[in-house]
Amino acid sequence: MERSGIRRRLGPLVLPALALAGLALAARHERNETARRAREEAAAQAARRAERRPVFDRGDFAAVLELCRAGWRDELNVHHEPSALAWTRQSLDGYFLDGNDLRSWRQLRCDEDGVRRGPRVVHPLLEPLAEATAEAATTPAVPEEEAWRLALQRLSASPRDPLELAVELARHPFTGAVVSRRWRGVEGGATPSLEPAGTPSFPLLIAEPAFPFAPGATTPALRPFTRRDWLDETDAAFTVVEKALPAGARVVELTIQEDAIDVSVESPTPAFDGDPPAAYGDMSFDEYGIAEMSWWYPRTDPGFGCRAGESLANVRAAYEAARARQPGALYQAWYSCSPAYSDGRRGVWHLTGDQTGD
């Protein structure tokens with residue numbers, strides 16, 4: 001009887017104890033999985049470095065360019081040629097026209113760790129090279145793409161002098177000619193020389209933090225754009241969209257992420273190949289508020305967007321109401337008519353973050 005009484009008294013405690021034990025085991029499993037993934041990523045990164053480091057160490061510009069081009073193309077989906085390059089013994093940085101802003105470049109880094117996006121910077125050659133010489137204006141220039149190809153070919157064909165520590169190449173924004181700055185290592189550090197003769201100095205394209213500049217060999221720095229976090233700055237995000245909307249356009253879908261804004265509108269949108277205007281159009285913006293294109297991409301179907309659009313003011317008010325119901329950190333805010341979150345006709349905000357929201 002005594003043993004039976006003990007069992008009866010402990011019975012109500014067994015299920016909660018088992019539940020707590022299950023939670024503890026699940027948490028331990030998650031920690032172990034996280035640690036395992038971290039070890040695997042560290043091992044993969046070490047293997048990548050071991051494979052890539054010798055390519056940079058050899059100082060073979062052609063091999064480095066091929067390696068970095070493959071990364072920019074396959075991992076970052078950038079298929080066009082850069083407007084400028086900065087080669088050092090440790091890295092190759094490319095500067096690309098990216099989006100609809102021709103007065104800025106996007107930096108793409110490439111080194112033994114792989115490829116990754118750097119900042120968007122003010123076009124560094126527009127001001128220093130704005131005054132084209134009379135000779136440059138009247139002399140027939142080699143076509144821009146051909147001039148760039150020849151410059152890369154010459155740099156690839158000639159072996160790097162051990163004292164040559166870096167080369168910066170850039171396309172002249174007005175003539176298409178290629179200008180360069182070579183950095184040679186002398187006692188005390190590297191000093192620059194510009195080609196062709198008379199080329200004015202331009203802001204530094206080298207992003208390698210440990211590059212050995214000689215004392216006094218200072219060059220103006222690039223001017224980066226201000227990076228925005230759209231989920232922390234939703235007022236600014238809505239302002240970006242508002243400025244881009246065609247007259248009378250109504251929002252059918254809107255996605256706000258930390259580093260991107262995607263918007264679809266109901267508005268007559270010019271189509272391709274002489275087709276009649278499409279009913280919908282798409283546009284995307286990066287973390288600096290620069291649109292991918294200067295025109296709206298035509299869509300005949302709204303996808304997860306609403307068939308009938310709503311004014312941006314109403315979409316914004318709906319976001320503020322949804323946000324009030326779900327405070328806390330977010331990593332995406334999505335307005336749509338997705339049947340997963342709405343009746344398929346009326347737009348609804350789905351906020352993804354610390355907890356599930358509308």
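Index from 1, following the sequence. These numbers come from the heavy atoms of this one structure, side chains and all, not from hydrogens, waters or symmetry mates.
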What distance separates L65 CG from L92 CG, expressed to the nearest 0.5 Å? 6.5 Å
Does the pair R89/D57 count as a salt bridge with the N-to-O cut at 4.0 Å? no
Should R223 and E127 be marked as a salt bridge (charged side-chain N to carboxylate O under 4.0 Å, His left out) after you check the CA-CA gap, both sets of side-chain angles, and the distance that decides it? CA-CA 12 Å; R223 288 184 287 158; E127 291 182 14; 3.2 Å; yes
Does the ring centre of Y297 sit less than 6.0 Å away from the ring centre of Y280? no
With distance as the sole criterion, is a donor-acceptor pair present between the side chains of R109 and S91 under 3.5 Å? yes
Identify the two heavy atoms, one from E112 and one from F56, that lie closest to each other, and give their separation to 0.1 Å. N-CE1, 3.8 Å
Got a second to check how far S342's OG is from F304's CZ, nearest 0.5 Å? 10.5 Å
I want to check something: taking the side chain as every heavy atom from C-beta on, are W334 and I256 in contact at a cut-off of under 4.5 Å? no
With the threshold set at 4.0 Å, does a side-chain nitrogen-carboxylate oxygen contact exist between E233 and R228? yes
Rounded to the nearest 0.5 Å, the CG atom of D93 sits from the CD1 atom of I206 at a distance of 9.0 Å
Should we count CZ of R227 as having more than 12 external heavy atoms under 6.0 Å? yes
Determine, for R182 against D161, whether the closest basic-nitrogen to carboxylate-oxygen distance falls under 4.0 angstrom. no
Between R116 and D111, is there a salt bridge with N-O shorter than 4.0 Å? yes
Please determine if E146 and R149 form a salt bridge, counting it only when a charged side-chain N lies under 4.0 Å from a carboxylate O. yes
Do the ring centers of F96 and W72 come within less than 6.0 Å of each other? yes
Is the backbone N or O of D286 less than 3.5 Å from a side-chain atom of W230, with the two atoms forming a donor-acceptor pair by type? yes
Answer yes when R307 and D301 have at least one side-chain N-carboxylate O distance shorter than 4.0 Å, and no when they do not. yes
Is it true that R345 and D343 have a side-chain N and a carboxylate O under 4.0 angstrom from each other? yes
From the options Q107, E168, R120, select the one residue that forms a side chain to side chain donor-acceptor pair (under 3.5 Å) with Y95. Q107
Would you say the side-chain atoms of S267 pair up with the backbone N or O of A249, donor to acceptor, closer than 3.5 Å? no
Gap between atom CG of D98 and atom OG of S104 - 0.5 Å precision: 7.5 Å
Can you check whether A237's main-chain N or O pairs, donor with acceptor, with T234's side chain at less than 3.5 Å? no
Could you check L108 against V78 for side-chain contact (heavy atoms from CB on, under 4.5 Å), going step by step and ending with a plain yes or no? CA-CA 10 Å; L108 300 184; V78 175; 3.8 Å; yes
Indicate yes or no: does E81 engage R69 in a salt bridge with an N to O separation below 4.0 Å. yes
For the residue pair Y288 and T226, establish whether any side-chain heavy-atom pair is separated by less than 4.5 Å. no
With side chains defined as the heavy atoms from C-beta onward, is the minimum distance between T269 and P277 less than 4.5 Å? no
From CA spacing to verdict: side-chain contact (heavy atoms from CB on, under 4.5 Å), V315, E253: CA-CA 9 Å; V315 171; E253 187 175 7; over 6 Å; no
Starting at CG of D273, measure out to CG of D275 and round the result to the nearest 0.5 Å. 6.0 Å
Does CD belonging to E145 count more than 12 external heavy atoms closer than 6.0 Å? yes
Is the W105 to H123 ring centre distance short of 6.0 Å? yes
